[in-house]
Structures are given as structure tokens and as C-alpha cells.
Amino acid sequence: MESNHTMNKVTAATLLIAFGIIYGDIGTSPLYVMKAIIGESRVIEESIVYGGVSCVFWTLCFQTSIKYVWLTLKADNDGEGGIFSLYSLIKKKGKNLIIPTIIGASALLADGIITPPVSVSSAVEGLRMLNGLENLPTIPIVIFILSALFFFQRFGTNKVGKIFGPFMVLWFTMLLGLGIYHIVHHPSIIKALNPYYAYNLLMNYPHGFWI
């Protein structure tokens with residue numbers, strides 16, 4: 001009985017740590033995704049809002065179902081996953097694919113470099129919306145936050161995950177609550193699940209493809 005309790009406790013802690021590490025990246029995307037879609041100079045209208053939400057929804061669906069579930073989970077190297085395990089696998093069985101795999105690994109590293117600054121910058125820039133903070137110098141604050149994060153990272157991913165896990169639970173709970181609240185007050189947004197709106201934005205909206 002005590003053993004089962006310990007296992008359950010460890011499992012819950014592990015899930016919380018994973019929540020802080022893995023979903024921290026995904027969960028902060030709303031800070032800059034819709035801002036990038038709408039932009040500062042574009043007029044906010046129904047086609048761009050519905051199209052943007054539709055693009056986000058279907059991108060996540062395709063990435064999850066096709067890229068991760070169908071492709072990535074099948075491309076394992078003795079149970080290990082990731083782009084570097086894929087590189088080892090291809091090195092043994094498909095030498096013609098080494099260059100594309102190297103490009104994939106480079107893209108992964110580039111994403112790991114650019115994502116933290118974009119996420120933190122978007123969060124800090126949000127403070128400029130508060131009265132009195134319109135001229136807040138964001139770059140020094142971003143550099144300080146990132147330096148602090150990388151400093152604490154040396155103590156181990158496990159400890160970083162323990163710190164970020166509870167914050168991510170609160171963050172996702174807030175996103176869920178705000179999402180439900182706004183869907184109730186604007187239920188027609190459900191129409192954005194129709195892929196037509198994503199297609200219309202990409203093909204017919206000015207500069208839609210480059211969004």
C-alpha cells in the first residue's frame with residue numbers, strides 16, 4: 001500500500017515537472033501568435049480573427065496527428081526519440097537522408113535559441129499596456145530574465161520543472177477560464193474550426209500567406 005502511494009506521488013510530481021518543462025513553451029505561444037497574425041497596422045476584422053484561430057487550430061491538429069503521432073512515434077531508435085535519435089537511426093539505414101536530418105537538427109537548435117527570447121519579450125512587452133509603463137525598457141529586462149533562467153538551469157532540469165510546473169498549471173487554468181468565458185459570450189467563434197476560414201485567410205487576405 002505504501003509502495004503504491006509512493007509511486008502515485010512520484011508520478012504526480014513527474015507530470016508536474018514535465019508540465020513545467022514541455023508545455024511551458026507551448027503555453028506561452030498565445031502571447032505572440034495572435035499578435036503576429038493581427039499585427040500592429042492591420043485592421044481587426046472577422047476574416048482575420050476567424051482565419052487566425054482556424055490556422056492555429058488546424059496547425060496543432062496536423063502537427064499532433066501527422067507529425068508526432070504518425071511519424072515521430074514510429075521513428076524511434078531502440079525506444080529513444082528526438083531528432084538526434086532519428087539521426088542515429090538514419091545513419092544506419094538511410095544514408096541518403098543524413099543531410100535533411102542535419103537540417104532538422106539545426107532547425108531544432110535554432111528553435112531552441114529563438115523561442116525563449118520571443119516568449120519572454122512578448123510577456124514583458126505586455127507590461128507596456130499598463131498606465132505609466134508605456135516606455136518600459138524591455139530589452140534589459142528580457143536579458144536579465146533569460147540570464148537568470150539559464151543560471152538556474154545548471155542546477156538541473158528537474159528543479160527548474162518543479163518551479164515552473166505550478167506556474168504553468170495556473171497559466172493554463174487561466175487560459176481555460178478565459179477561453180470558456182469568451183466562447184460563452186461569443187459562441188460564433190466555434191465557426192473558426194471550419195478549415196475554410198484558414199484557407200480564406202491564407203489565400204485571399206492581403207499578405208495572408210506570409211502571416
Side-chain angles (χ1 to χ4, degrees), residues 19 21-75 81-83 86-87 90 96-97 99-129 138-139 142 168 171-211:
F19 204 70
I21 298 171
I22 299 172
Y23 291 100
D25 180 19
I26 302 174
T28 53
S29 296
L31 291 171
Y32 56 86
V33 170
M34 288 305 296
K35 180 182 177 182
I37 293 174
I38 295 174
E40 296 181 358
S41 59
R42 298 187 184 98
V43 177
I44 300 178
E45 52 190 30
E46 183 177 290
S47 61
I48 195 170
V49 173
Y50 282 36
V53 173
S54 186
C55 282
V56 171
F57 176 81
W58 287 106
T59 298
L60 291 175
C61 285
F62 285 132
Q63 276 193 331
T64 304
S65 59
I66 296 177
K67 179 181 177 182
Y68 293 121
V69 176
W70 187 51
L71 291 176
T72 307
L73 291 181
K74 291 182 178 179
I83 191 69
L86 181 61
Y87 175 75
I90 288 177
N96 294 331
L97 294 175
I99 298 300
T101 308
I102 292 175
I103 294 174
S106 302
L108 176 67
L109 293 174
D111 177 67
I113 292 171
I114 195 174
T115 300
V118 171
S119 300
V120 176
S121 299
S122 300
V124 175
E125 286 176 359
L127 296 175
R128 288 185 170 184
M129 299 176 65
T138 58
I139 294 179
V142 171
M168 293 315 302
W171 174 250
F172 277 108
T173 302
M174 184 195 73
L175 290 180
L176 176 65
L178 289 175
I180 294 174
Y181 173 81
H182 286 289
I183 289 174
V184 169
H185 284 77
H186 192 79
S188 61
I189 194 64
I190 299 296
K191 294 191 298 183
L193 301 185
N194 186 339
Y196 166 77
Y197 289 97
Y199 172 83
N200 182 58
L201 175 68
L202 296 176
M203 296 301 170
N204 300 323
Y205 196 82
H207 309 295
F209 178 80
W210 299 109
I211 291 178

If you round to the nearest 0.5 Å, how far is [atom2] of [Y] from [atom1] of [X]?
| X | Y | atom1 | atom2 | value |
| --- | --- | --- | --- | --- |
| Tyr181 | Ile183 | OH | CD1 | 13.0 Å |
| Tyr205 | Ile37 | OH | CD1 | 11.5 Å |
| Ile66 | Cys61 | CD1 | SG | 10.0 Å |
| Glu125 | Leu127 | CD | CG | 10.0 Å |

If you look only at distance, which donor and acceptor atoms sit under 3.5 Å apart when one is on a side chain in residues 43-54 and the other is two or more places apart or in another chain?
unit_1, atom_1, unit_2, atom_2, d
Glu45, OE2, Ser47, OG, 3.2
Tyr50, OH, His186, NE2, 3.2
Tyr50, OH, Ser188, OG, 2.9
Ser54, OG, Ala192, O, 2.9
Ser54, OG, Asn194, O, 3.1
Ser54, OG, Ala198, N, 3.3

Task: Exceeds 12 heavy-atom contacts within 6.0 angstrom, atom CZ of Phe57 - done: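 Buried by this count: over 12 neighbours within 6.0 Å.
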Task: Pro117 to Ile114 - nearest heavy-atom pair and separation - done: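 Looking at all heavy atoms of both residues, the shortest contact is CD-O, 3.1 Å.
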